[in-house]
Novice: 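Structure below; questions to follow.
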Amino acid sequence: MTDASTATETKMTKSMEDIVALCKRRGFIFPASEIYGGINGFWDFGPLGIELKNNLRDAWWHDMVRCPPAGPDGEMLSIVGLDSSIIQNPKVWEASGHVGGFNDPMQTCRQCKKLFRADHVEEMVLESEWYQELSQIWPPKKIPSLDGLRHWARKNGKKSAPGLALVRDTNNVLQELEKIIKSTDDPGDVWASSNVLFGADCQIWPQDGVCPNCGGDLTEQRDFNLMFETHAGAVRDDANKVYLRPETAQGIFLNFKNVLDTSRVKVPFGIAQIGKAFRNEVTPRNYIFRSREFEQMEMEFFCHESEAKKLYEFWVQTRLDWWKSLGISSENLQRRDHDADELSHYSTACADIEYRYPFTAPGFGELEGIAHRGNYDLTQHQEHSGAKLAYFDQEKNERYLPHVIEPAAGLSRGVLVLLCEAYTPDPDRPSKVYMKFHPRMAPIKAAIFPLVAKEGMPEVAQKLYQELRTKYAVQLDIKQNIGKRYARMDEAGTPYCFTIDGQTLEDDTVTVRERDTLSQERINISQVATYLAEQIG
RNA sequence: GCGGGCGUAGCUCAAUGGUAGAGCGUCAGCCUUCCAAGCUGAAUGUUGACGGUUCGAGUCCGUUCGCCCGCUCCA
């Protein structure tokens, strides 16, 4: 209990700002196109960052595809890989619901700042208090009473429609209206000119609409569609509009039949994919947590409906354990089951694996989602494409669309979690901070140092370095004093340093300095590669 | 998208409207037989960008880009 609360306190002192600064300083993550002033929502991974990301990616691929865990009943699971195209036929995204699902144009009122769905505005205006009051004074197809309008603008209008031009700028608006009334005998024409009541400069009906709340003018309609659009082919028109994928999962469903026909897999089995995805987020925030270009590690596990529930529970637990196996502490991870009203209409269960990021602490933010998607996706693609996607089970003589369990993890978010988890302030050591990466994740696995740059030590170090670098990401550092070199490796999160000293020249032993404990032990120089292999796994 | 704050060396930050600096890092040399990031020295800036006011702008004004916080949004 004491340990836990102490650890939590340490966690609270981790500042995102400091983590970002270290990541820049040591070459983990840079702002994208920085020399041009950057671009909101995009990030570049530096030399250490890409090593870290590759290590996470490789671990996922190894543990999910090459060597998946045993299933809920101890059976061997079969999972195969895939790398589908980022751009697909645009009908894919109609079938998946991404085109229709999130493209409501929105408008904001310039006066009261309220946000409205554009297709609701007209109806809301007609129902609004101020419009009803106004239509009593100026019924359709009638010539209005200017005095009536003036009276309303100065009394009730101030309360019900303070943003309306007639209220904000009563005299000018009424002057305009008077001119119109004098210029025509047709009440219909006058009515058609009722825009003067609303226009900001008493000239036009606000092109983009009137605020139902206060009568102010609205901003133009803004599309909140999250998908990036581009065009396939040199000619730019709507006919060849295509989308950058907002998730990797759909590519898996598209190839379900291909994989089935070519890979000798039988349900239950999984298809896994790692790759970039793009979302035009309204508000990219929190470093690389919500960026517009990011990477996902997704797996669709196809199974019979009767097994889906059991497999769902299995995958939630398996994925949670996996993150822990990479050194993420239990207290910073949690499973959060979605409430019923949070679920998509087709989904029967969904759980997030959440991490306590410094910017969400003491709360948690999403890292991975495990969804029970039923057979919604295959059903959709079967209907929209006309292709037959059913699976035929020879043994049971049964044809069906498999249900699917989808563990979908953010690779970029995973890197962020590794960075946040590893960041460890330590006022007692020279670097004041070190990155406590799990050895399997560490961008640099080990460093090789001659204790001093003389007496043949550099030569021995060079030889050891050349041996190790054929297998591991290691660095050789000869310059400057040993403390400085240890400190540098602490900030890069290197778990082991091998140092050649005077004794090495006599008995072929080197010291291993352990990053977290600062402890040292001697091992034979010929055992270094074996030692590393054991530690890294 | 709205409101507020901010933008100076790789990082953290100084600099009354008057010659752009420090610490750390980096690099070089020295020292160093395990935490010594110690010593000496060097390189590094269109002060985010563009425009304006001024004899003179890092500083004041405008625009724009980016970052942070809060709203809004988050199939």
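So that the names make sense, note that chain A is the first sequence line, chain B the second, and so on, each numbered from 1. Side-chain atoms are counted along with the backbone in the values below, which use heavy atoms only and exclude waters and symmetry mates.
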Novice: Applying a 4.0 Å non-hydrogen cut-off, can you work out what A:Ala487 is touching in the nucleic acid: base, sugar-phosphate, or nothing?
Specialist: base
Novice: In the structure I gave you, are the side-chain heavy atoms of A:Leu532 and A:Phe498 within less than 4.5 Å of one another anywhere?
Specialist: yes
Novice: When the P atoms of B:U8 and B:A14 are compared, how many Å lie between them, rounded to an integer?
Specialist: 10 Å
Novice: Are more than 12 heavy atoms, taken from residues, nucleotides or ligands other than A:Glu514, located less than 6.0 Å from that residue's CD atom?
Specialist: yes
Novice: Within the structure shown, what part of the strands sits under 4.0 Å from A:Phe30 by heavy-atom distance: base, sugar-phosphate, or nothing?
Specialist: nothing
Novice: For B:G5 and B:U44, measure between their C1' atoms and round to the nearest Å.
Specialist: 29 Å
Novice: Of the nucleotides B:C11, B:C34, B:C69, which one has an atom closest to the side chain of A:Arg25?
Specialist: B:C11
Novice: Given that A:Glu491 and A:Thr511 both sit by RNA chain B, which one's nearest nucleotide is further toward the 5' end?
Specialist: A:Thr511
Novice: Taking donor-acceptor contacts at under 3.5 Å, does the side chain of A:Arg285 reach the base of B:G70?
Specialist: yes
Novice: With a 4.0 Å cutoff (strictly under), does any side-chain N or O of A:Lys24 reach OP1 or OP2 of B:G10?
Specialist: no
Novice: Is there a side-chain contact between A:Tyr243 and A:Val99 in this structure, where contact means two heavy atoms from C-beta onward sitting under 4.5 Å apart?
Specialist: yes
Novice: Which part of the nucleic acid, if any, lies within reach of A:Met457 when heavy atoms closer than 4.0 Å are counted: base, sugar-phosphate only, or nothing?
Specialist: base
Novice: Regarding B:C74, can its base be found pairing with the side chain of A:Arg290 as donor and acceptor, where the two atoms are less than 3.5 Å apart?
Specialist: yes
Novice: Provide the distance between the two P atoms, one in B:A43 and one in B:G23, to the nearest whole Å.
Specialist: 15 Å
Novice: Expressed as a whole number of Å, how far does the C1' atom of B:U16 sit from that of B:U12?
Specialist: 25 Å
Novice: Measure from the side chain of A:Val452, starting at C-beta and using heavy atoms only, and say which of B:U32, B:C27, B:C34 lies closest.
Specialist: B:U32
Novice: Students often get this wrong, so: under 4.0 angstrom with heavy atoms, is A:Asn40 touching a base, only sugar-phosphate, or nothing?
Specialist: sugar-phosphate
Novice: Using whole Å, what does the distance between atom P of nucleotide B:C35 and atom CG of A:Asp501 come to?
Specialist: 12 Å
Novice: Could you walk me through whether A:Asp337 and A:Arg335 pass the salt bridge (charged side-chain N to carboxylate O under 4.0 Å, His left out) test, one step at a time?
Specialist: CA-CA 7 Å; A:Asp337 291 292; A:Arg335 165 184 177 161; 3.0 Å; yes
Novice: Would you find more than 12 non-hydrogen atoms of other residues, nucleotides or ligands less than 6.0 Å from A:Arg469 atom CZ?
Specialist: no
Novice: Can you identify which nucleotide, out of B:U32, B:C11, B:G29, has its nearest atom closest to the A:Lys479 side chain?
Specialist: B:G29
Novice: Show me, range against range, the stems involving RNA chain B, built from at least 3 consecutive Watson-Crick or G-U pairs below 3.5 Å.
Specialist: B:1-7 with B:65-71, B:10-13 with B:21-24, B:26-30 with B:38-42, B:48-52 with B:60-64
Novice: Please measure how far the C1' atom in B:C24 lies from the corresponding atom in B:C6, and state the result in whole Å.
Specialist: 23 Å
Novice: I need the CD1-P distance between A:Ile288 and B:C68, as an integer number of Å.
Specialist: 12 Å
Novice: What class does the angle between the rings of A:Phe359 and A:Tyr357 fall in, given that below 30° is parallel, 30 to 60° is tilted and above 60° is perpendicular?
Specialist: parallel
Novice: Which comes earlier along RNA chain B counting from the 5' end, the contact point of A:Ile500 or that of A:Phe42, where each point is its nearest nucleotide?
Specialist: A:Ile500
Novice: Sequence neighbours excluded and cut-off under 3.5 Å, please list the side-chain donor-acceptor pairs for residues 449-468 of chain A, or say none.
Specialist:
none

Novice: Please work out if A:Asn286 contacts a base, only the sugar-phosphate, or nothing of the nucleic acid, heavy-atom cut-off 4.0 Å.
Specialist: sugar-phosphate
Novice: Could you label the plane-to-plane angle of the A:Phe437 and A:Phe28 rings as parallel, tilted or perpendicular, counting under 30° as parallel and over 60° as perpendicular?
Specialist: tilted
Novice: Just checking, is any N or O donor in the side chain of A:Thr424 or A:Asp426 under 3.5 Å from an acceptor N or O on the other one?
Specialist: no
Novice: Take atom C1' in B:C68 and the same atom in B:C30, then report the distance between them in whole Å.
Specialist: 44 Å
Novice: Please list, in numerical order, the residues of residues 427-437 of chain A that have a heavy atom closer than 4.0 Å to any atom of RNA chain B.
Specialist: A:Pro430, A:Ser431
Novice: What integer number of Å spans the C1' atoms of B:C27 and B:A20?
Specialist: 23 Å
Novice: Taking atom C1' of B:C35 as reference, at what distance in whole Å does atom CZ of A:Arg485 sit?
Specialist: 11 Å
Novice: Is any side-chain heavy atom of A:Gln334 closer than 4.5 Å to one of A:Arg356?
Specialist: no
Novice: Rounded to whole Å, how long is the line connecting atom CD of A:Glu455 with atom C1' of B:U32?
Specialist: 11 Å
Novice: Tell me what A:Leu518 touches on the nucleic acid: a base, only sugar-phosphate, or nothing, going by heavy atoms under 4.0 Å.
Specialist: base
Novice: For A:Leu505 and B:C34, what is the distance between atoms CG and C1' respectively, to the nearest whole Å?
Specialist: 15 Å
Novice: Looking at B:G25, B:C34, B:G10, which one has an atom nearest to any side-chain atom of A:Arg26?
Specialist: B:G25
Novice: May I ask you to check whether over 12 heavy atoms, not counting those of A:Gln503, lie within 6.0 Å of atom CD?
Specialist: yes
Novice: Take the protein atom CD of A:Gln480 and the nucleotide atom P of B:U33, then report the distance between them rounded to whole Å.
Specialist: 16 Å
Novice: When all nucleic acid strands are considered with a 4.0 Å heavy-atom cut-off, which category describes A:Gly41: base, sugar-phosphate, or nothing?
Specialist: sugar-phosphate
Novice: Take the protein atom CG of A:Leu451 and the nucleotide atom P of B:A36, then report the distance between them rounded to whole Å.
Specialist: 13 Å
Novice: Quickly work out the A:Trp43 CH2 to B:G66 P distance and round it to whole Å.
Specialist: 12 Å
Novice: Do A:Arg292 and A:Phe278 form a cation-pi contact, if we require the NZ or CZ to be under 6.0 Å from the six-membered ring centre and within 45 degrees of the ring's axis?
Specialist: no
Novice: When the C1' atoms of B:C74 and B:C13 are compared, how many Å lie between them, rounded to an integer?
Specialist: 36 Å
